[in-house]
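Owing to the predicted nature of the structure, the values given are computational and were not obtained by experimental measurement. The figures that follow rest on heavy atoms only: side chains count, while hydrogens, waters and symmetry mates do not.
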Amino acid sequence: KVLGVAWRYIESLTEVMASHKPFCFVGLVGMEEPLRPEAISYVQRLQQMEVLIVMFTNESVGAATSFSRGVGLVADALISSPSPKKSPVTDRLPSVMKKRVNSYILSGTEVETTTSAQWDRLLSTAHTLVFARCNSKQRALAIQALRNNGHNVCLAGGDDRNIAACEAASTSLAYGPSCSDYVVDACSGLVEDGDI
């Protein structure tokens, strides 16, 4: 995440609310959330289980790409290449998944505009799908596309933005102690400690 920093001199707090004086831009501050130590081994276990890994995030495509590379998902750009490219992560996959040579990142906007034929192609060649900047409606659309292509979808959701997606999934887990009652009600199960 990147924050812009600016300042201006004020006489009192009431002046902050009343005044429209310009700020002086100071600079940008970049922040990065570190990967959880167990994330890499968790992803590797999922890859060995012969499942299509799908991740939803509210982060930007750039941040999702960085995270995906960090945990070994290695996602490439969506639908821009006409033929499948071999992904370095493919070497770690079980033989049944080796035909799935791509990982993709889709933005929420791309989820809404992807055609049925494009979904078919994505889902027949992907070992990993990452959905970045997806709102609840877009998450539910992606899950419905997965289900329409014969996938059973298990979704783990921790906040209210996931309710529509939890309801669209074949099964869903509410996780974490901060889950609202709405999320718990929308899900099939609960993981109280957040350790999926």
Residue pairs, two or more places apart or on separate chains, that pass salt bridge (charged side-chain N to carboxylate O under 4.0 Å, His left out) and touch residues 125-141: Glu112-Lys137
Considering all heavy atoms, the nearest Cys166-Cys187 contact: SG-SG, 3.4 Å
With Ser170 via side-chain contact (heavy atoms from CB on, under 4.5 Å) - residues at least two apart: Arg147, Asn152, Val153
Sequence-distant partners of Leu28, side-chain contact (heavy atoms from CB on, under 4.5 Å), two or more places apart: Val2, Phe25
Partner set under side-chain hydrogen bond (donor to acceptor under 3.5 Å, both in side chains) for Ser180, not counting sequence neighbours: Asp160
Closest approach of Ser136 to Ala165 (non-hydrogen atoms, all atoms of both residues): OG-N, 4.3 Å
With Thr115 via side-chain hydrogen bond (donor to acceptor under 3.5 Å, both in side chains) - residues at least two apart: Gln118
Heavy-atom pair of closest approach, residues Ile105 and Ala64: CD1-C, 3.9 Å
Spacing of Asn135 atom CG and Leu141 atom CG [to the nearest 0.5 Å]: 8.5 Å
Set of residues satisfying salt bridge (charged side-chain N to carboxylate O under 4.0 Å, His left out) with respect to Glu167, sequence neighbours excluded: none
Under the side-chain contact (heavy atoms from CB on, under 4.5 Å) test, residues paired with Cys179 that sit two or more places apart: Ala174, Val183, Val184
Inter- and intrachain pairs under salt bridge (charged side-chain N to carboxylate O under 4.0 Å, His left out), touching residues 169-188, at least two apart: none
Spacing of Leu52 atom CG and Thr128 atom OG1 [to the nearest 0.5 Å]: 7.0 Å
Joint cluster assignment, Met49 & Ile53, ILVMFWY side-chain distance < 4.5 Å: yes
Minimal non-hydrogen separation, Ser68 against Met55, with atom names: OG-CE, 4.0 Å
Min side-chain heavy-atom separation Val61-Val130 under 4.5 Å: no
Beyond-backbone contact of Leu129 with Leu146, side-chain heavy atoms, under 4.5 angstrom: yes
Contacts of Thr171 that satisfy side-chain hydrogen bond (donor to acceptor under 3.5 Å, both in side chains) - sequence neighbours left out: Ser188
Shared hydrophobic cluster, Ile143 / Tyr182 (ILVMFWY, side-chain heavy atoms < 4.5 Å): no
Nearest heavy-atom neighbours spanning Thr109 and Gln138: N-NE2, 3.8 Å
Heavy-atom side-chain contact between Val71 and Tyr42 under 4.5 Å: no
Exercise: identify the closest heavy-atom pair between Ala63 and Glu59: CB-CB, 3.7 Å
Side chain to side chain, Trp119 and Val111, heavy atoms closer than 4.5 Å: yes
Pairwise ring pair (Phe, Tyr, Trp, His ring centres under 6.0 Å) hits with a residue in residues 46-69, at least two apart: Phe56-Phe131
Residues which pass side-chain contact (heavy atoms from CB on, under 4.5 Å) with Asn148, listed by chain and number, not counting sequence neighbours: Gln144
